[in-house]
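Everything below concerns the one structure shown next.
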Amino acid sequence: MSLAFSFLMTEALLVFSPETSLLRSFSRKVKVRFHWALQLLCLLCALLGLGIISYNKYLNGKSHFVTWHGLTGLLTVLYASMQCMGGLALLYPKLMKNWTLAKLKLYHATSGLVCYLLGCASLMLGMCSLWFTTLVTGVFWYLAVLCPILTSLVIMNQVSNAYLYHKRMKP
């Protein structure tokens, strides 16, 4: 789950950033395909992580989804699944009649930001768990919590810049 939401999803979103993308010299089509592949890998890792966590809880006789971290994590995985389906509409925009491609992109980016922030919230709630706080203490805990906060700010800046660009391009 951490791999899915802290690394793969972050990288998938940063593909479109002109400042931080490793693929900035590639065409938009290549960036979209790379974004799609990373997001699919993210979703597969998240579903695999959810399955492993559920199976481990089952083996140990523990309750499922009773903490804020567990509930937020489940909501994030479900939301990410729906967001990936929404991304398919951008791959095949002709299926979405009465919607402009620009609106689809804007809604997908905004919804993706909500999904990303849910993922970061779930990561941070996990960092407040007894298991994590016994393993990571002191300044290292604060550094760990700072990572999703900083990446969230970068991603929010990227989405807001895309929104402002869209507003400027409207006649």
Side-chain angles (χ1 to χ4, degrees), residues 1-54 64-65 68-126 147-171:
M1 295 291 245
S2 295
L3 173 68
F5 291 104
S6 64
F7 178 70
L8 292 171
M9 187 177 277
T10 301
E11 289 303 314
L13 297 175
L14 290 177
V15 162
F16 298 111
S17 174
E19 295 92 19
T20 59
S21 177
L22 297 174
L23 304 175
R24 69 177 148 249
S25 62
F26 287 83
S27 70
R28 176 143 178 91
K29 185 176 182 177
V30 170
K31 290 177 184 179
V32 166
R33 297 295 180 210
F34 195 73
H35 170 79
W36 182 84
L38 281 176
Q39 288 295 72
L40 185 60
L41 190 57
C42 170
L43 182 61
L44 291 174
C45 283
L47 290 170
L48 180 65
L50 184 64
I52 290 170
I53 291 165
S54 295
H64 300 303
F65 313 117
W68 283 109
H69 169 65
L71 291 170
T72 308
L74 177 63
L75 177 65
T76 303
V77 172
L78 294 174
Y79 195 97
S81 300
M82 290 188 303
Q83 180 68 4
C84 283
M85 285 185 252
L88 287 174
L90 288 172
L91 286 177
Y92 307 103
K94 291 183 181 182
L95 297 175
M96 299 297 292
K97 294 178 172 117
N98 301 326
W99 289 84
T100 65
L101 185 59
K103 276 192 177 183
L104 285 172
K105 285 180 181 180
L106 183 63
Y107 292 150
H108 181 69
T110 305
S111 180
L113 175 61
V114 171
C115 184
Y116 185 76
L117 293 176
L118 271 173
C120 287
S122 182
L123 284 169
M124 291 176 65
L125 286 168
C147 287
I149 292 171
L150 291 176
T151 57
S152 294
L153 292 172
V154 169
I155 298 297
M156 284 189 291
N157 182 56
Q158 180 177 314
V159 172
S160 66
N161 285 342
Y163 177 75
L164 292 174
Y165 176 78
H166 175 71
K167 284 289 240 191
R168 278 194 305 257
M169 300 314 284
K170 273 188 160 178

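The figures here come from the full heavy-atom set of this structure, side chains too, leaving out hydrogens, waters and symmetry mates. None of the values given here were measured: they were computed from a predicted structure.
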Shortest non-hydrogen contact between Ala89 and Leu104, atoms and distance: O-CD1, 4.2 Å
Shortest non-hydrogen contact between Arg33 and Leu91, atoms and distance: NH1-CD2, 3.0 Å
Inter-residue atom distance Leu88.CG - Met85.CE, 0.5 Å rounding: 8.5 Å
Heavy atoms from other residues, nucleotides or ligands near CZ of Phe34 exceed 12 (cutoff 6.0 Å): no
Side-chain touch His64/Leu74, heavy atoms, less than 4.5 angstrom: no
His35 and Phe16 aromatic ring geometry - parallel, tilted or perpendicular at 30°/60° bounds: tilted
Spatial distance of atom CE (Met96) from atom NZ (Lys103) [nearest 0.5 Å]: 12.0 Å
Gln158 side chain to Leu13 backbone, donor-acceptor under 3.5 Å: yes
Polar side-chain atom of Thr151 near backbone of Pro148 as donor-acceptor pair, under 3.5 Å: yes
Side-chain donor or acceptor of Thr76 paired with backbone N/O of Thr72 under 3.5 Å: yes
Distance-minimising heavy-atom pair for Ser111 and Tyr79: OG-OH, 2.9 Å
Heavy-atom pair of closest approach, residues Lys105 and Leu90: N-CD2, 3.6 Å
Nearest non-hydrogen partners of Gly126 and His69, listed with the distance: N-ND1, 3.2 Å
Pairwise distance CG(Leu38) to CG(Leu14) - rounded to 0.5 angstrom: 10.5 Å
Separation of His108 NE2 from Leu101 CG (nearest 0.5 Å): 11.5 Å
Validation row: Phe5, Cys45 side chains within 4.5 angstrom (heavy atoms): no
Leu47 side, atom CG; Ser81 side, atom OG - distance, nearest 0.5 Å: 5.0 Å
Cys120 SG to Leu118 CG distance, which is reported to the nearest 0.5 Å: 9.5 Å
Tyr116 to Thr10 - nearest heavy-atom pair and separation: OH-OG1, 2.7 Å
Qualifying residue for side chain to side chain contact (heavy atoms under 4.5 Å, CB included) with Met1, from Ile52, Ile53, Leu123, Leu48: Ile53
